[in-house]
Engineer: 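Just passing along the structure, written as structure tokens.
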Amino acid sequence: MAKLEQSYESIIILSTKLGEDGIKATVAKFTDMISKAATLDSVDEWGKRRLAYAINYEHDGYYVMFNFTSKPDFPAELDRVYKITDGVIRSMIIAKSEEK
């Protein structure tokens, strides 16, 4: 039987060039988007951290992790929006495995 919902974990790195207000607005945008289309379990803001290597000449990034449960088609839409949003340096969405 096919699963109707799956647990996911998404991590994004935001540019620190957005500034404090820009980062808060971007995090709020994705929090609202996930809340409308899925069940948002948690939002964990790790804050500003040094990148292991420069990405687009940036050495620092603001890390945010979202844990949510959704239907299988939503992560593809979320990834699409990550890619077209200014200020998102990197993003990753992972389907969590079932613990037994």
Side-chain angles (χ1 to χ4, degrees):
M1 183 171 174
K3 286 186 176 181
L4 298 178
E5 292 201 340
Q6 172 77 34
S7 293
Y8 295 93
E9 183 176 90
S10 174
I11 299 174
I12 59 172
I13 304 173
L14 301 174
S15 172
T16 55
K17 292 179 182 176
L18 291 173
E20 198 172 304
D21 294 335
I23 289 172
K24 285 181 182 179
T26 306
V27 170
K29 170 187 172 179
F30 289 122
T31 301
D32 291 342
M33 181 182 175
I34 294 170
S35 295
K36 288 179 183 174
T39 304
L40 184 62
D41 300 326
S42 67
V43 178
D44 189 15
E45 295 188 38
W46 296 350
K48 183 178 174 182
R49 296 189 178 210
R50 189 94 174 147
L51 300 173
Y53 55 90
I55 302 172
N56 299 333
Y57 303 104
E58 294 191 43
H59 298 280
D60 296 316
Y62 191 88
Y63 287 69
V64 183
M65 183 171 73
F66 301 98
N67 288 299
F68 62 94
T69 305
S70 74
K71 294 183 179 179
D73 57 340
F74 176 68
E77 175 63 16
L78 181 62
D79 190 45
R80 184 188 73 78
V81 176
Y82 282 160
K83 289 178 181 177
I84 63 173
T85 301
D86 289 336
V88 177
I89 299 174
R90 288 285 191 268
S91 64
M92 180 174 23
I93 301 173
I94 301 169
K96 293 182 183 179
S97 62
E98 299 265 336
E99 294 181 15
K100 294 184 179 184

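Please read all numbers here as calculations on a predicted model, not as lab measurements.
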Engineer: Report the C-alpha separation of Tyr8 and Phe66 in whole Å, then their side-chain angles, then the decisive distance to 0.1 Å, and conclude whether the side-chain contact (heavy atoms from CB on, under 4.5 Å) test is met.
Structural biologist: CA-CA 8 Å; Tyr8 295 93; Phe66 301 98; over 6 Å; no
Engineer: Side chains of Ile55 and Arg90: does their closest heavy-atom pair fall under 4.5 Å?
Structural biologist: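 Answer yes - side chains close enough.
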Engineer: What do the steps show when you test Ile13 against Leu51 for side-chain contact (heavy atoms from CB on, under 4.5 Å), and what is the final call?
Structural biologist: CA-CA 9 Å; Ile13 304 173; Leu51 300 173; 4.0 Å; yes
Engineer: Tell me if the aromatic rings of Tyr82 and Phe30 count as close, with their centers under 6.0 Å from one another.
Structural biologist: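 Ring centres of Phe30 and Tyr82 closer than 6.0 Å.
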Engineer: Could you pull out all residues at least two apart from Asp32 that satisfy side chain to side chain contact (heavy atoms under 4.5 Å, CB included)?
Structural biologist: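 Asp32: no side chain to side chain contact (heavy atoms under 4.5 Å, CB included) contacts found.
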Engineer: Going hydrophobic residue to hydrophobic residue with side-chain gaps under 4.5 angstrom, can you get from Leu40 over to Ile12?
Structural biologist: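 Yes, Leu40 and Ile12 fall within the same hydrophobic cluster.
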Engineer: Is Phe68 reachable from Val43 through a run of I, L, V, M, F, W or Y residues, each pair having side-chain heavy atoms under 4.5 Å apart?
Structural biologist: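 Yes, it is one cluster - the side chains of Val43 and Phe68 are joined through contacts under 4.5 Å.
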Engineer: Can you list everything that forms a side-chain hydrogen bond (donor to acceptor under 3.5 Å, both in side chains) with Thr31? Sequence neighbours excluded, please.
Structural biologist: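 Residues passing side-chain hydrogen bond (donor to acceptor under 3.5 Å, both in side chains) with Thr31: none at all.
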Engineer: Just how far is it from atom NZ of Lys48 to atom CD of Glu20, taken to the nearest 0.5 Å?
Structural biologist: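 That separation rounds to 11.0 Å.
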Engineer: Rounded to the nearest 0.5 Å, what separates atom CD in Glu5 from atom OG in Ser70?
Structural biologist: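 Rounded to the nearest 0.5 Å, the CD-OG separation comes to 7.0 Å.
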Engineer: Find out whether Met33 and Phe74 are in side-chain contact, i.e. whether some heavy atom of one side chain is under 4.5 Å from a heavy atom of the other.
Structural biologist: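 They are in contact (side-chain heavy atoms under 4.5 Å apart), so the answer is yes.
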Engineer: Does the side chain of Glu9 come within less than 4.5 Å of Ile93's, by heavy atoms?
Structural biologist: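 The answer is no; the side chains never approach within 4.5 Å.
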Engineer: Quick check: do Asn67 and Lys96 have side-chain heavy atoms less than 4.5 Å from each other?
Structural biologist: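 Yes, their side chains come closer than 4.5 Å.
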Engineer: May I ask you to test the Ser91-Ser10 pair for a side-chain heavy-atom distance under 4.5 Å?
Structural biologist: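 Contact flag for Ser91/Ser10 side chains = no.
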Engineer: Ignoring hydrogens and angles, write down the donor-acceptor pairs under 3.5 Å from the side chains of residues 56-64, residues two or more places apart or on other chains.
Structural biologist:
{"unit_1": "Glu58", "atom_1": "OE1", "unit_2": "Ser15", "atom_2": "OG", "d": "2.8"}
{"unit_1": "Glu58", "atom_1": "OE2", "unit_2": "Ser15", "atom_2": "OG", "d": "3.0"}
{"unit_1": "Tyr62", "atom_1": "OH", "unit_2": "Glu45", "atom_2": "OE1", "d": "2.5"}

Engineer: Consider only side-chain heavy atoms of I, L, V, M, F, W and Y, link residues closer than 4.5 Å, and tell whether Met65 and Leu78 are in one cluster.
Structural biologist: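 Different clusters.
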Engineer: Which residue pairs pass the side chain to side chain donor-acceptor pair (under 3.5 Å) test with at least one member in residues 21-30, sequence neighbours excluded?
Structural biologist: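 Those involving residues 21-30 are Lys29-Thr85.
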Engineer: Not counting sequence neighbours, which residues clear side chain to side chain contact (heavy atoms under 4.5 Å, CB included) with Thr39? List them please.
Structural biologist: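 Side chain to side chain contact (heavy atoms under 4.5 Å, CB included) check on Thr39 returns Asp41, Thr69.
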Engineer: Hey, is CG on Asp86 packed in by over 12 heavy atoms from elsewhere, all under 6.0 Å?
Structural biologist: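 No.
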Engineer: Taking the hydrophobic residues Ile, Leu, Val, Met, Phe, Trp and Tyr, and joining any pair whose side-chain heavy atoms are under 4.5 Å apart, which ones share a cluster with Ile94?
Structural biologist: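 Besides Ile94, the hydrophobic cluster comprises Met92, listed by chain and residue number.
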